[in-house]
Amino acid sequence: MDSKPQPTLMVIDGHSLAFRAFYALPLESFVTPEGQHTNAIHGFLSMLLSLLKNEKPTHLAVAFDVSRYSFRTREYPEYKGTRGETPPEFVGQVPLLQKALDAMGIHTIQKEDYEADDILATLAAQGEESGFKVLLVSGDRDTLQLVTPEVTVLYPSSRGVSELKRYTPDAVVERYGIPPASYPDIAALVGETSDNLIGIDKVGEKTAVKWITQYGSLDELLAHADDIPGVVGGNLREQKDRALRNRKLNTLVKDVELPVTPSDLERRNINTEAVKGIFGQLRFRTLTERVLALAGDTSVVTADVPPPSDTPAPQALLDEELARWLEKHTDPLAIVVREVPHGLLCGLSDGTEVIAVHHTHGSKDALPLQHALREPHRQWWWLHAKQDLHHLAEAGWDAPETIDGDLRVASWMMMPGRKIPTLAQLVEEKLGESTAPADPNTLLDTGDEGVVDSWWLHRVYPVVRDSLAASQKTVYEDVELPLIPILWKMERLGIASNRAALEELNSRLLGEAAEYQRLAFEAIGHEVNLGSPKQLQGVLFDELNMPKTRQTKTGYSTDQQALAELQESNPHPFLDALLGHRDQTKLHQIVEGLATAVGEDGRLHTTFDQTGTSTGRLSSLEPNLQNIPARTEIGHEIRATFVHGVESEGLLTADYSQIEMRIMAHFSGDEALIEAFRRGEDLHNYVGAQVFQVEPDDVTPQMRTKVKAMSYGLAYGLSAYGLAKQLQISPSEAKTLMSDYFQRFGKVRDYLRDVVETARTAGYTETLFGRQRPFPELNSSNRMAREAAERAALNAPMQGTAADIIKRAMITIDQKLRDQSMSSAMVLQVHDELIFDVAPGERAALEALVTSEMENAAELAVPLEVNLGFGPNWDQAAH
DNA sequence: CATTTTACGTA
DNA sequence: CGTACGTAAAATGG
């Protein structure tokens with residue numbers, strides 16, 4: 001006889017999920033004529049139906065709290081004390097929800113003196129014991145402690161209740177860095193605001209995880225509390241009772257006496273009549289339909305809600321069938337790619353049909369698609385090509401070498417700076433149709449539906465592409481699309497990191513920060529959170545009675561500049577220590593971030609966001625490798641941890657010298673500035689000589705500093721006021737400096753004025769290559785907003801042209817590297833700088849290639865100058 | 001619990 | 001009252 005498939009027990013924390021639904025759905029949209037609110041019930045039930053559909057539990061129960069009082073509130077009366085009154089609109093919905101569940105044949109369980117989570121814990125333990133696969137659904141993080149290989153927790157993610165995060169043991173480790181069983185220890189140390197459990201002062205998630213990882217458990221940690229250095233160590237020793245109390249309260253009870261066992265919870269039949277009764281009372285139509293469909297009863301089908309647009313039904317194809325379909329459809333095809341548990345799910349569409357391709361890792365059944373993606377004459381349109389390339393590569397597919405269309409990038413170019421619209425929004429905006437209706441019934445849909453997006457993509461992409469202005473389309477096709485596979489390769493390869501050096505730096509910075517903190521506390525005789533502007537305000541302005549600084553929205557500024565000014569007028573050791581602490585913690589954060597981001601390959605893989613800026617630049621995230629400290633001592637040490645790869649001989653850096661000013665010279669056509677660049681001498685020295693009317697040799701360092709600040713500031717819309725402030729000179733002197741400057745470089749002033757006026761008329765700015773940025777705010781009646789837009793409009797063509805230029809260089813460099821079969825690789829871009837991992841023997845050739853391609857990436861009235869540097873690490877490769 | 005504010009690193 | 005970004009922690013608001 002066959003063995004039965006493993007039964008699945010699902011236990012839901014009714015209160016917490018209904019409460020989430022209550023806040024996720026608008027109260028006023030769910031109310032019966034009798035005035036009964038139903039949003040929590042509706043949200044909960046639609047989520048439940050999705051869960052039943054997707055998870056197919058064989059056994060099911062919903063647990064509720066009896067009241068807000070339990071053995072925990074007796075133990076610690078303040079437990080959950082921060083929670084305000086439960087909204088009455090919610091309270092009234094709970095009994096009705098229970099009634100509805102009852103009609104649906106679903107067990108509800110509650111137990112005096114215990115919370116719903118204790119019931120989950122108990123049933124999970126019993127279920128696992130009896131051989132069930134257990135799914136716990138709860139909005140309370142404490143349930144994470146229950147996760148085991150057989151027990152999975154589904155937790156509503158940040159995006160409301162529409163998506164549940166699946167916490168397996170691995171997922172818990174990935175999110176928290178500790179195994180599920182250790183979660184209560186972490187929570188005990190950190191505290192839980194929503195439960196009114198205060199943790200150890202100054203201990204956050206990071207510290208707690210570090211400790212528990214080191215000592216194994218809270219008990220072990222407390223046993224060795226004397227070994228913990230610093231203020232946090234002291235806090236731990238003083239406040240260990242809190243941690244122990246928290247630990248006691250957040251430990252879920254696994255042996256609540258319940259009237260049922262897991263096997264009693266087998267799914268029961270739906271009482272159709274009862275459902276019709278209660279659901280009718282609640283005025284649920286689509287839900288009634290869905291519930292009755294579960295029971296196989298179609299007697300009450302209401303066609304009340306219009307169906308979504310007529311989307312084609314996906315056909316699942318593989319092997320020969322897939323090959324045949326692809327052969328017949330050679331026009332541009334749209335593709336969407338999803339990662340699914342053991343492979344990929346791709347949706348293909350020609351605008352008429354939708355094909356679903358389910359690929360399992362290691363199988364060959366999707367080979368026709370893999371092949372078709374690389375056919376040179378076939379065009380593919382993507383939703384987000386770079387991300388999809390990563391997915392394909394992870395599945396072991398050879399990625400296509402070119403990208404023919406990318407909806408994300410195209411829609412960014414349409415409106416850079418605006419949030420990237422979703423596919424549904426674009427469909428609505430460009431096609432005037434709606435994808436799936438915003439029906440709460442579709443909460444938690446994780447099935448095949450996504451593949452239909454390929455059909456929408458195929459229909460909406462050409463509309464978006466063709467709505468780009470002609471010049472924009474050129475930039476899109478010549479620059480942005482070719483860049484996609486290049487960025488993908490850079491992200492995939494990453495840059496090598498000296499992890500040991502990073503760790504060493506990390507602990508050093510941590511120690512120094514702690515020392516500054518100690519000094520700061522000593523200076524004022526008590527402890528304070530140095531990271532809290534509000535608490536600092538208390539110390540500085542109330543305790544120490546320092547003069548008030550610049551006002552901010554919430555009080556007075558405690559930023560670096562404000563503190564430095566205070567230090568001038570009211571020197572105090574606290575200020576010294578605070579500034580030192582700021583520096584060290586900031587650096588520590590950066591180093592810590594890098595250390596944790598180093599991959600198993602010993603390299604750092606950033607993600608370049610091609611659609612992250614309004615000007616055309618790239619941005620870099622997770623980790624951001626475009627804001628690594630550069631100027632300070634420690635900055636050099638940090639940059640020195642970026643090293644060449646094991647198979648390379650060094651790092652090459654190549655950066656444009658004063659590229660934005662050169663672009664300004666080009667755009668303005670100012671003969672004097674153009675001459676300055678053509679001479680190739682020290683620019684600021686030359687400009688200084690012009691402005692101050694002295695011989696170049698007689699330009700003093702002070703003069704040079706002034707014109708340098710002026711020159712750089714020009715491209716940002718600097719005012720005389722701002723210049724005065726920056727140079728610490730009088731406003732009148734700044735004004736004179738500016739007018740002297742423009743006396744010599746008059747066309748620069750004309751250009752800067754002109755660029756704003758042109759933008760005001762046209763409604764947008766444009767770069768040398770045709771990239772546009774809209775500026776509706778230039779005609780705003782709000783002066784602040786208008787002037788801010790004016791400065792941005794002034795800067796956009798210059799910053800944007802610089803971005804175009806380096807992107808063009810990246811494309812030709814990549815092309816040449818491939819043409820010449822070189823092994824060196826581009827690994828980073830930092831706005832005006834490119835960094836390469838240099839393969840042995842290729843240094844000279846690479847330097848020549850990079851210089852030439854960067855210098856010739858644009859034809860300006862002035863030469864583009866490139867500086868090179870080479871070395872074993874980023875610091876030494878900088879010049 | 002999610003969003004905003006403050007602060008600070010880069011080009 | 002100089003542009004363009006991203007991240008972290010604290011503060012704030014639902």
Side-chain angles (χ1 to χ4, degrees), chain A residues 16 19-20 22-24 27 83-84 87 139-141 156-160 192-194 202 204-206 416-417 529-537 550 552-563 582-583 585-594 597 606-609 612-632 634-635 638-639 655-656 658-660 709-710 712-726 731 734 773 783-784 787-800 802-803 806 829-833:
Chain A
S16 77
F19 203 59
R20 291 262 186 150
F22 177 73
Y23 281 115
L27 189 58
R83 299 194 181 175
D140 190 330
R141 269 200 290 254
S157 68
S158 45
R159 286 189 288 177
E192 180 73 61
T193 325
S194 64
K202 314 291 295 178
E205 195 177 306
K206 289 189 180 194
N529 185 345
L530 297 178
S532 158
K534 202 168 172 194
Q535 293 185 35
L536 288 179
Q537 286 166 36
R550 174 174 63 84
T552 65
K553 275 188 186 156
T554 50
Y556 300 97
S557 171
T558 59
D559 69 13
Q560 217 166 50
Q561 197 186 332
L563 295 177
R582 280 265 174 86
D583 274 353
T585 45
K586 179 69 190 176
L587 291 164
H588 171 251
Q589 267 174 20
I590 291 173
V591 171
E592 174 94 9
L594 290 176
T606 187
T607 300
F608 291 107
D609 187 349
T613 69
S614 321
T615 53
R617 277 186 176 183
L618 301 174
S619 73
S620 160
L621 42 111
E622 292 179 68
N624 181 354
L625 297 186
Q626 290 179 326
N627 72 341
I628 304 301
R631 295 182 251 280
T632 59
I634 307 271
I638 297 177
R639 291 208 168 200
D655 66 50
Y656 282 112
Q658 294 134 350
I659 189 168
E660 290 188 20
M710 173 90 204
Y712 276 122
L714 279 180
Y716 300 138
L718 184 68
S719 63
Y721 178 92
L723 185 65
K725 192 147 189 193
Q726 194 198 318
R773 173 175 171 186
R783 195 169 65 100
M784 289 267 281
E787 288 177 347
E790 286 171 352
R791 289 189 300 273
L794 190 94
N795 173 260
M798 290 182 266
Q799 193 183 123
I806 197 166
Q829 189 252 43
V830 190
H831 309 309
D832 67 355
E833 175 182 18

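Quick note: numbers below take in every heavy atom, side chains included, and nothing from hydrogens, waters or symmetry partners.
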Integer-rounded Å distance: [N] [atom2] and [X] [atom1]:
| X | N | atom1 | atom2 | result |
| --- | --- | --- | --- | --- |
| Glu592(A) | dA8(C) | CD | C1' | 12 Å |
| Asp832(A) | dT3(C) | CG | C1' | 14 Å |
| His588(A) | dA7(B) | NE2 | C1' | 17 Å |
| Asp609(A) | dC5(C) | CG | P | 10 Å |
| Glu787(A) | dT3(C) | CD | C1' | 15 Å |
| Met710(A) | dG2(C) | CE | P | 13 Å |
| Leu718(A) | dC1(C) | CG | P | 13 Å |
| Tyr712(A) | dA11(B) | OH | P | 10 Å |

May I ask you to say what [X] touches in the nucleic acid, namely base, sugar-phosphate or nothing, with a heavy-atom cut-off under 4.0 Å?
| X | result |
| --- | --- |
| Thr585(A) | nothing |
| Gly612(A) | sugar-phosphate |
| Lys586(A) | base |
| Glu622(A) | sugar-phosphate |
| Arg773(A) | sugar-phosphate |
| Gln589(A) | sugar-phosphate |
| Asp655(A) | nothing |
| Gln560(A) | sugar-phosphate |
| Arg791(A) | sugar-phosphate |

To the nearest 0.5 Å, what is the distance between [atom1] on [X] and [atom2] on [Y]?
| X | Y | atom1 | atom2 | value |
| --- | --- | --- | --- | --- |
| Arg639(A) | Thr632(A) | CZ | OG1 | 10.0 Å |
| His831(A) | Asp655(A) | NE2 | CG | 13.0 Å |
| Gln560(A) | Asp583(A) | CD | CG | 6.0 Å |
| Thr585(A) | Glu592(A) | OG1 | CD | 12.0 Å |
| Glu622(A) | Thr607(A) | CD | OG1 | 6.5 Å |

Using a cut-off of strictly less than 4.0 Å, decide whether [X] has a side-chain nitrogen or oxygen near OP1 or OP2 of [N].
| X | N | answer |
| --- | --- | --- |
| Ser532(A) | dA7(B) | no |
| Thr558(A) | dT6(B) | no |
| Ser557(A) | dT6(B) | no |
| Ser619(A) | dG6(C) | yes |

Inset, instruction - Assess whether side-chain contact (heavy atoms from CB on, under 4.5 Å) is satisfied between Gln626(A) and Thr606(A), documenting all intermediate values. - result: CA-CA 10 Å; Gln626(A) 290 179 326; Thr606(A) 187; over 6 Å; no
Inset, instruction - Report yes or no: is there a donor-acceptor pair, N or O only, under 3.5 Å between the side chain of Arg617(A) and the base of dA11(B)? - result: yes
Legend entry - Nearest-nucleotide comparison on DNA chain C, the residue closer to the 5′ end among Gly531(A) and Leu723(A): Leu723(A)
Inset, instruction - Decide yes or no on side-chain contact (heavy atoms from CB on, under 4.5 Å) for Leu594(A) and Leu625(A), but give the supporting numbers first. - result: CA-CA 9 Å; Leu594(A) 290 176; Leu625(A) 297 186; 3.7 Å; yes
Inset, instruction - Could you check which nucleotide pairs with dG2(C) in any of the strands shown, counting Watson-Crick or G-U wobble with both distances under 3.5 Å? - result: none
Legend entry - Complementary nucleotide of dT6(B), counting Watson-Crick and G-U pairs under 3.5 Å: dA8(C)
Inset, instruction - Sticking with atom P, work out how far dC1(C) lies from dT5(B), rounded to a whole angstrom. - result: 15 Å
For the side chain of [X], starting at C-beta, report the closest nucleotide among [options].
| X | options | result |
| --- | --- | --- |
| Pro533(A) | dG6(C), dA7(B), dC1(C) | dA7(B) |
| Ser614(A) | dC5(C), dA11(B), dT7(C) | dC5(C) |
| Tyr716(A) | dA4(C), dA11(B), dA7(B) | dA11(B) |

Inset, instruction - Work out which heavy atom in Thr558(A) is nearest to a heavy atom in Gln537(A); give both atom names and the distance. - result: CG2-CG, 4.0 Å
Inset, instruction - Search all heavy atoms of Asp140(A) against all heavy atoms of Ser16(A) and return the closest pair with its distance. - result: N-OG, 4.3 Å
Inset, instruction - Specify the residues of residues 624-631 of chain A, ordered by number, for which at least one heavy atom lies under 4.0 angstrom from an atom of DNA chain B. - result: Gln626(A), Asn627(A), Ile628(A), Pro629(A), Ala630(A), Arg631(A)
